[in-house]
Peer 1: 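Quick one: this structure, given as structure tokens, is what I'll be asking you about.
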Amino acid sequence: MALRLYDTLTKEKRDFAPLDPSRVRMYVCGPTVYDFAHIGNARPVIVFDVLFRLLRHLYGENHVKYVRNITDVDDKINDRAARDYPGLPLNESIRKVTEQTERQFHDDVDALGCLRPTVQPRATEHIGEMRTIIDRLVEGGFAYVADDHVLFSPGAMNAANSVLPRYGALANRSLDEMIAGARVDVAPYKRDATDFVLWKPSKPGEPSWQSPAGIATQGRPGWHIECSAMSWKHLGETFDIHGGGIDLVFPHHENEVAQSCCAFHTERMAQTWMHNGFLQVEGEKMSKSLGNFFTIDQLLRQRSFGSNKWHGYVLRLSMLTAHYRQPIDWTIERLVEARKSLRDWIDTAYGTEPQSLEPPDELLSVLEDDLNTPGVIAVMHGLNKEARNSPESAEKLHRAMKFMGIWNGERTDDIYGYGYDVGDGPSRHEVEPLIEARTAARARKDFKESDRIRDELAAMGIAIKDGKDSDGKPVTTWEIAR
RNA sequence: GGCCACGUGGCGGAGUGGUUACGCGCCGGUCUGCAAAACCGUUUACUCGGGUUCGAUUCCCGACGUGGCCUCCA
């Protein structure tokens, strides 16, 4: 079984064959660092982390290069900086915003069990590469200067009639359709409604750099050029996989393809284009006005969603319960179910010693089929069931979970719901004396008293489970009720 | 309006031209002072209408529905 991936451009699942197996190259569009990342942002981060892990397994840890950019130049950043640090010069306030947001982003995705990409380049550190690409596009006749802007012309690209792809091929639409659908308020400096900005002049106070194409005034890059620049710098003119959310297909990725292929005279920018489906929250598009907007930080660290904090492993597993190309409806019920699965599996796998870091074969064959993570979850449920009669299956389950990044062998009490390390809810000092009193009452068969204590605990939000230890002595465990 | 994706049992969610997905829930049982938990077992499906086919949930066409993109967006 070989890795098969669905390619957005050709609309088919194909065997994956890297251009250079000793150097597998993947680029994924990363965050614009102006605010906390939300749970929708988490989806591609998790999905492509799974792919990164799989590629590392298949080709070797040192033979996969994963680049995820950090966009640190953007109007939203400027606005946020001016709002949050009105007293500071814009340069400084922008740096504060981007550094702080980047740190927060890393805290969040670390908690989601994601490995760090090989390189996380910043847009502002690649202005030189952007200028080079823009100059080449102007020289090649694909872009032009107007009013201190540099504009890319999809029309010129399609007229070139060479190895270049057709503009619109990725998003599967024609230039004519786009012209028909274009807004009436086309900027006056554009020759054509479909032309898009590669470079624009900076207003006073805005971040600015030396402009390309002989433009005298200082300027700043358009939105799409950074990814062409950074993927070129770190991965080369063409590479294997380019990923991101499906909403990026047009215009962002379409324009990246145009820029890169025209600058380098290549047929394809990436061999495989991968896009994850959209996320909704409780059946509706996530938006602040609907009150269903959740940041990763809120889910992890505040009781904002379903009055619960959610462990990063739970968030990650719940994200993997749907295939990455399918839309996903993010609900409390989904998280509760993921948490239950995770607890069952940890109960089984806890304490086993993985014999290697290899994922089980039955998991690999499923995952290699275009990242069929729901299938992987079914495999894990199967291992969990087999583990009742087979210690080897428990060990396999341990390896499977490690490989998928949903557990690393630790005791995670906030998954189990024990209150004492969560910081709120009843503490073990309040609960355990009552448990002991109930055990004593049961021992003297005072069931009226033992039931009364159970009711009292229930009122505190504590659920209890009676069992027996290995000597047959009654043992009661407890957890925060859900 | 244009383009695209999706529509599976109470819920979540894979997959397949003819054979059990899987998980949760429900129900029954074992266990338990009683519950809960755990364990064992059972149950329900492929939006609608045409077509292709020996046979379609799976392919084709149409309808309806949901969502996405077309403007910043994962």
Side-chain angles (χ1 to χ4, degrees), chain A residues 8 11 28-32 34 37-48 68 71 74-76 79 168 171-174 176-183 185 194 196 223 243-254 275-280 283-287 317-331 333-341 343-345 347 366 369-370 372-385 388 441-448 450-451 454-455 457-458 462-468 474-479 481:
Chain A
T8 306
K11 295 185 186 59
V28 174
C29 290
T32 301
Y34 71 101
H38 57 69
I39 191 62
N41 296 311
R43 192 172 191 194
V45 172
I46 292 169
V47 163
F48 290 105
R68 187 180 62 211
T71 298
D74 182 273
D75 285 340
K76 289 195 288 286
D79 295 347
N172 191 34
R173 59 186 82 183
S174 74
D176 289 344
E177 284 165 16
M178 284 182 258
I179 293 166
R183 295 296 166 104
D185 51 339
T194 53
F196 63 90
W223 173 34
I246 195 164
D247 51 322
L248 290 181
V249 173
F250 192 88
H252 186 53
H253 288 164
E254 190 70 56
H275 294 97
N276 62 272
F278 214 76
L279 176 141
Q280 289 186 289
E284 295 192 275
K285 180 163 176 166
M286 181 165 61
S287 78
L317 176 60
S318 70
M319 200 65 90
L320 299 176
T321 55
H323 183 87
Y324 76 94
R325 282 192 278 121
Q326 294 295 121
I328 190 169
D329 188 11
W330 186 262
T331 60
E333 201 183 339
R334 177 175 223 116
L335 289 174
V336 170
E337 200 175 317
R339 184 172 60 188
K340 177 164 169 38
S341 297
R343 286 169 49 188
D344 287 350
W345 298 343
D347 277 343
V366 173
D369 183 12
D370 196 32
N372 186 352
T373 54
V376 166
I377 289 167
V379 167
M380 292 204 269
H381 280 300
L383 289 172
N384 184 235
K385 206 164 188 174
R388 286 167 200 150
R442 290 178 71 212
R444 62 177 187 268
K445 300 210 187 297
D446 183 355
F447 299 123
K448 203 175 165 191
S450 72
D451 289 351
R454 182 165 63 203
D455 290 345
L457 285 164
I462 301 296
I464 57 176
K465 299 184 220 176
D466 291 337
K468 289 194 168 97
V475 173
T476 299
T477 57
W478 63 277
E479 61 185 38

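All chains are named by letter (A, B, ...) in the order of the sequence lines, taking the proteins before the strands, and each is independently numbered beginning at 1.
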Peer 1: Using a 4.0 Å heavy-atom cut-off, does A:Lys445 contact any base of the nucleic acid, only the sugar-phosphate backbone, or nothing at all?
Peer 2: nothing
Peer 1: For the pair made of CG in A:Asp369 and C1' in B:rA21, what is the distance, rounded to whole Å?
Peer 2: 14 Å
Peer 1: OP1 or OP2 of B:rC11 sitting under 4.0 Å from any side-chain N/O of A:Lys340?
Peer 2: no
Peer 1: In the structure shown, which nucleotide is the Watson-Crick or G-U wobble counterpart of B:rG62, with both distances under 3.5 Å?
Peer 2: B:rC48
Peer 1: Under a 3.5 Å cut-off for both distances, is B:rU30 Watson-Crick or wobble paired, and to whom?
Peer 2: B:rA38
Peer 1: Remember a base hit wins even if backbone is also touched, and classify A:Gly244 as base, sugar-phosphate or nothing at under 4.0 Å, heavy atoms.
Peer 2: sugar-phosphate
Peer 1: Would you classify A:Leu279 as touching base, sugar-phosphate or nothing, given that sugar-phosphate means primed atoms plus P, OP1 and OP2, and contacts are heavy atoms under 4.0 Å?
Peer 2: base
Peer 1: Check whether any side-chain N or O of A:Arg334 sits under 4.0 Å from OP1 or OP2 of B:rG13, and answer yes or no.
Peer 2: yes
Peer 1: Any base atoms under 4.0 Å from A:Asn372, or only sugar-phosphate, or nothing? Heavy atoms, all strands.
Peer 2: sugar-phosphate
Peer 1: Kindly say whether A:Gly283 contributes a backbone atom to a donor-acceptor pair with the side chain of A:Asp329 at under 3.5 angstrom?
Peer 2: yes
Peer 1: What contact category does A:His38 fall into here, base, sugar-phosphate, or nothing, at under 4.0 angstrom with non-hydrogen atoms?
Peer 2: base
Peer 1: Checking A:Arg173 against A:Phe250: charged group under 6.0 Å from the ring centre and within 45 degrees of the axis?
Peer 2: yes
Peer 1: Taking any heavy-atom pair under 4.0 Å as a contact, classify A:Arg325: base, sugar-phosphate, or nothing.
Peer 2: nothing
Peer 1: Between A:Tyr324 and A:Asp370, do the side chains contain an N or O donor and an N or O acceptor separated by less than 3.5 Å?
Peer 2: yes
Peer 1: Using only atom types and a distance under 3.5 Å, with no angle test, would you say the side chain of A:Thr373 pairs donor to acceptor with the backbone of A:Val376?
Peer 2: no
Peer 1: Would you mind telling me which of B:rG33, B:rG23, B:rC70 lies closest to the side-chain atoms of A:Phe250?
Peer 2: B:rC70
Peer 1: Can you tell me the Watson-Crick or wobble partner of B:rG23, both distances under 3.5 angstrom?
Peer 2: B:rC11
Peer 1: Side chain of A:Arg454 only, heavy atoms from C-beta on: which candidate in B:rC39, B:rA35, B:rA74 is closest?
Peer 2: B:rA35
Peer 1: Given B:rC39, is OP1 or OP2 found less than 4.0 Å from the side-chain N or O atoms of A:Arg388?
Peer 2: yes
